[in-house]
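Hydrogens, waters and symmetry mates are skipped; everything else that's a heavy atom, side chains included, is used. Note that the structure is predicted; figures quoted are calculated from it, not measured. Both ligands and their constituent atoms are indexed starting at 1 by order of listing.
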Amino acid sequence: MPSLIKEINSKILNKETTIENIVNEYLNTLKSKDSSINSMLEIYSDEYIKEQIKIAEKMLEENKTTLLTGVPVVVKDNLCVKNQLTTAASKMLANYKATYDATVIQKLKDAGAIIVGRSNMDEFAMGGSTENSAFMQTKNPLDISRVPGGSSGGSAAAVAMGGVPVSLGSDTGGSIRQPASFTGIIGLKPTYGAVSRYGLIAMGSSLDCVGPFANNIEDIKIIFDIIKGEDARDATTIKNQELELINKNLSQNKNRKIIGIPKKFIDQDGVDSNIRDNFYKTIEQLKKFGWEIKEIELKNIEKALSVYYILMFAEVSSNLARFDGVRYGESIKGATPEKSMILSRSEGLGEEPTRRSLLGTYVLSSGYYDSYYGKAIAARDYLKDEFKKIFQEVDLVATPTSPVFPWKFGEKNDPLAMYLADIFTVPANIVGIPGISLPTGKVNVEELKNLSFGTQFLAEWHNEEKLFTVAEDLGL
Ligand code: GLN
């Protein structure tokens, strides 16, 4: 599929249209479609958007444009945008204005992108449907009776409905890949540490990654190229020198094309048979493009879900401790000083963040630490080793992105049922490898006929390039 960014760029450079026209055209679509979809928590003021357009126009005048100059972008509401509300879709931060730009936001701005608004999400990125937002429910543009996935549901929906060419989301356990799959677009979760987390409101710090949504692979590559890189403000970003070395090693298998299929994992109960059939069909197609398919076994991969739902809870409880109405968040007026922190938390945080904070303190409490957190950390190491070994034999590991179709609103009201839907996406976060969800089919069932499903590909640490190759082979 052709790059929308390049199309915009050439129109601007050839003076076929102005930056202002491009932005207004997209804004019109975004605003009109959003009356039924609700992807945006806020479309920024005309004044703020004009300010950015002016900067982009100046870049054009001075011949300093990049591919992104003048391109409208939507960002998930957990990325700090200076002087703008950044709420993580939580009542706790309903009036919080960020005092600085996240590194990824700064990079978009430096490239001349126009950030037009902040998108809806599950509160503090906790969820897989965007139903946990404290403010509103986002609908799936492919079928408005269904969820768009989550937690970056707003960012995915905004791209899927044509409101912007690209957007940013964050992925702690699947929150970019799963909504991409649910809305029929592409979502990339980069390698942990490839993109700075500075200015991302933390959920699980050892798992969180910022990444792009788009409807074609070229645009994904362009955004990834701009947002990635070492950042002195995030010590977990990969050092340039280290990356050079890694790239040298990766180049040895540059032309190898082997896909590993963890068949037992995919054939387990609970995976929708339509999804499984489509998955195997997609993989079959890839043979035409020179991919060799190999059945593999990852012995511990089924444990990834339990590992995730221990480590993530633990990290959430620590990261959310700062939202107490004193350090961050609204303090409840009229409460006595002794009660103010407790009330601020109970009134400010929704059900899911509260549940996760409580479970997190439980798994970290003395007496339980070893049996939960300690074991999960050990299992994480096993899983890392397994992936390291498997990537000597294969270049990609493929699975469906989600075991189930987007559900109807309210259908998954048991939190555990929703956690189970993360089975295929969480392993990448546990071990830190990159993953992508590619739209690979429509459903041949009347009730589901507008829906799409995604195939997930995982690659070795810092080998995003291989993910792009397979997307290109599929004509995306
Ligand atoms: N659905 C997962 C969860 O609820 C993933 C969330 C995310 O990646 N932010 O934890």
Check your understanding: Side chains of F124 and F323: closer than 4.5 Å at any heavy-atom pair?
Key -> yes
Practice item. May I ask you to decide if the ring planes of Y100 and Y198 are parallel, tilted or perpendicular, using 30° and 60° as cut-offs? Key: tilted
Review point. Relative to the ring of Y362, is the ring of Y372 parallel (under 30°), tilted (30 to 60°) or perpendicular (over 60°)?
Key: tilted
Revision key, fill the gap. Nearest heavy-atom contact between Y96 and T99 is OH-N, 4.0 Å
Check your understanding: Do the charged groups of E315 and R356 touch, with an N to O distance under 4.0 Å?
Key -> no
Protein N/O near ligand 1 N/O, under 3.5 Å, which pairs?
residue: ligand 1; atom: 1 (N); partner: G127; partner atom: O; Å: 3.0
residue: ligand 1; atom: 1 (N); partner: D422; partner atom: OD1; Å: 3.2
residue: ligand 1; atom: 1 (N); partner: D422; partner atom: OD2; Å: 3.0
residue: ligand 1; atom: 4 (O); partner: G127; partner atom: N; Å: 3.0
residue: ligand 1; atom: 4 (O); partner: R356; partner atom: NH1; Å: 3.3
residue: ligand 1; atom: 4 (O); partner: R356; partner atom: NH2; Å: 2.8
residue: ligand 1; atom: 8 (O); partner: T172; partner atom: N; Å: 2.7
residue: ligand 1; atom: 8 (O); partner: G173; partner atom: N; Å: 2.6
residue: ligand 1; atom: 8 (O); partner: G174; partner atom: N; Å: 3.3
residue: ligand 1; atom: 8 (O); partner: S175; partner atom: N; Å: 3.1
residue: ligand 1; atom: 8 (O); partner: S175; partner atom: OG; Å: 2.6
residue: ligand 1; atom: 9 (N); partner: A125; partner atom: O; Å: 2.8
residue: ligand 1; atom: 9 (N); partner: S151; partner atom: OG; Å: 3.4
residue: ligand 1; atom: 9 (N); partner: S175; partner atom: OG; Å: 2.7
residue: ligand 1; atom: 10 (O); partner: Y308; partner atom: OH; Å: 2.6
residue: ligand 1; atom: 10 (O); partner: R356; partner atom: NH1; Å: 2.9

Exercise for review: Quick one: do T130 and N120 satisfy side-chain hydrogen bond (donor to acceptor under 3.5 Å, both in side chains)? Show the steps, please.
Suggested key: CA-CA 7 Å; T130 315; N120 196 28; 5.8 Å; no
